Amino acid sequence: MACVVLMLGGDKVFQLLGMPQAPGWVATLNENKMMTFAAVWMANNVAAQMVATGAFEIYVDDRLVFSKLETGRLPTASDIIKGLARLGLEAEKKPRAPLPRTPPAAVAAAVHSEF
């Protein structure tokens with residue numbers, strides 16, 4: 001992305017950054033725009049292929065909690081909790097507040113009054 005900005009902006013980019021003159025390599029980029037674009041495009045493709053391994057791994061202190069490479073799928077919340085438990089870690093359990101119960105007669109009255 002930075003190379004594209006340099007190709008389009010040239011010396012003006014460096015002037016905005018407070019530099020009186022652009023480095024010499026910027027002139028080379030501007031003189032060979034097609035080659036620079038091709039090089040940036042190829043580098044982007046290589047980077048995309050390196051990222052597209054399908055790896056999704058969760059580590060805690062260099063210890064593996066979950067690996068998509070081993071299981072072939074993304075983790076569920078249960079997978080993460082089990083992986084943490086395997087490492088001796090537990091989720092903090094907070095007491096749940098009870099849900100308010102509505103008496104059945106009140107529900108029937110509310111439904112009946114809407115119609």
Side-chain angles (χ1 to χ4, degrees):
M1 184 68 153
C3 286
V4 173
V5 171
L6 289 175
M7 283 175 31
L8 297 175
D11 293 337
K12 293 177 184 164
V13 173
F14 289 95
Q15 290 171 357
L16 288 172
L17 295 173
M19 297 174 70
Q21 190 175 10
W25 56 268
V26 174
T28 305
L29 289 180
N30 286 331
E31 291 170 4
N32 301 303
K33 287 185 180 185
M34 195 63 171
M35 187 63 95
T36 301
F37 177 77
V40 170
W41 184 77
M42 288 298 293
N44 185 42
N45 282 336
V46 169
Q49 288 298 320
M50 292 173 71
V51 171
T53 62
F56 182 86
E57 302 201 332
I58 300 172
Y59 285 91
V60 173
D61 294 331
D62 295 330
R63 297 182 297 173
L64 185 64
V65 174
F66 183 87
S67 171
K68 181 183 172 196
L69 294 175
E70 290 177 5
T71 62
R73 61 182 177 78
L74 289 172
T76 62
S78 177
D79 292 329
I80 295 171
I81 292 169
K82 288 176 186 173
L84 292 173
R86 237 185 9 258
L87 298 178
L89 303 171
E90 289 187 21
E92 181 179 334
K93 295 182 181 178
K94 296 180 182 179
R96 289 187 183 175
L99 296 173
R101 293 204 56 177
T102 306
V107 172
V111 169
H112 184 64
S113 67
E114 289 181 14
F115 294 105

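What you are looking at is a predicted structure, and each value in this text was computed from that prediction instead of being measured. Nothing fancy with the numbering, it's 1 onward along the sequence.
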Atom pair [atom1]/[atom2] of [X] and [Y] - distance to nearest 0.5 Å:
| X | Y | atom1 | atom2 | result |
| --- | --- | --- | --- | --- |
| Lys68 | Glu57 | NZ | CD | 11.0 Å |
| Ile81 | Leu89 | CD1 | CG | 12.0 Å |
| Phe66 | Arg86 | CZ | CZ | 9.5 Å |

| said: How close do Asp79 and Leu74 get, counting heavy atoms only, and between which atoms? | reply: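 It is OD2-O, 4.3 Å.
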| Non-hydrogen atoms of Leu64 and Glu70 that approach each other most closely |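 Distance-wise, the nearest heavy atoms are CD2-OE2, 3.6 Å.
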| task | Would you please name every residue forming a side-chain hydrogen bond (donor to acceptor under 3.5 Å, both in side chains) with Asn44, sequence neighbours left out? | result |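 Per chain and number, Asn44 pairs via side-chain hydrogen bond (donor to acceptor under 3.5 Å, both in side chains) with no residue.
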| Residues that Thr71 engages under side-chain hydrogen bond (donor to acceptor under 3.5 Å, both in side chains), provided they are two or more places apart |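 If we apply the side-chain hydrogen bond (donor to acceptor under 3.5 Å, both in side chains) test to Thr71, skipping adjacent residues, there are no hits.
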| message | If you count heavy atoms of other groups shown closer than 6.0 angstrom to CH2 of Trp25, is the number above 12? | response |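 Buried by this count: over 12 neighbours within 6.0 Å.
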| Short question: side chain of Asn45, backbone of Met42 - any donor-acceptor pair under 3.5 Å? |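 The answer is no, because no donor-acceptor pair under 3.5 Å joins these two groups.
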| Should Phe56 and Val65 be counted in the same cluster of Ile, Leu, Val, Met, Phe, Trp and Tyr side chains packed under 4.5 Å apart? |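 Same hydrophobic cluster.
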| said: If hydrophobic clusters are built from ILVMFWY residues whose side chains come within less than 4.5 Å, do Tyr59 and Leu87 share one? | reply: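 No.
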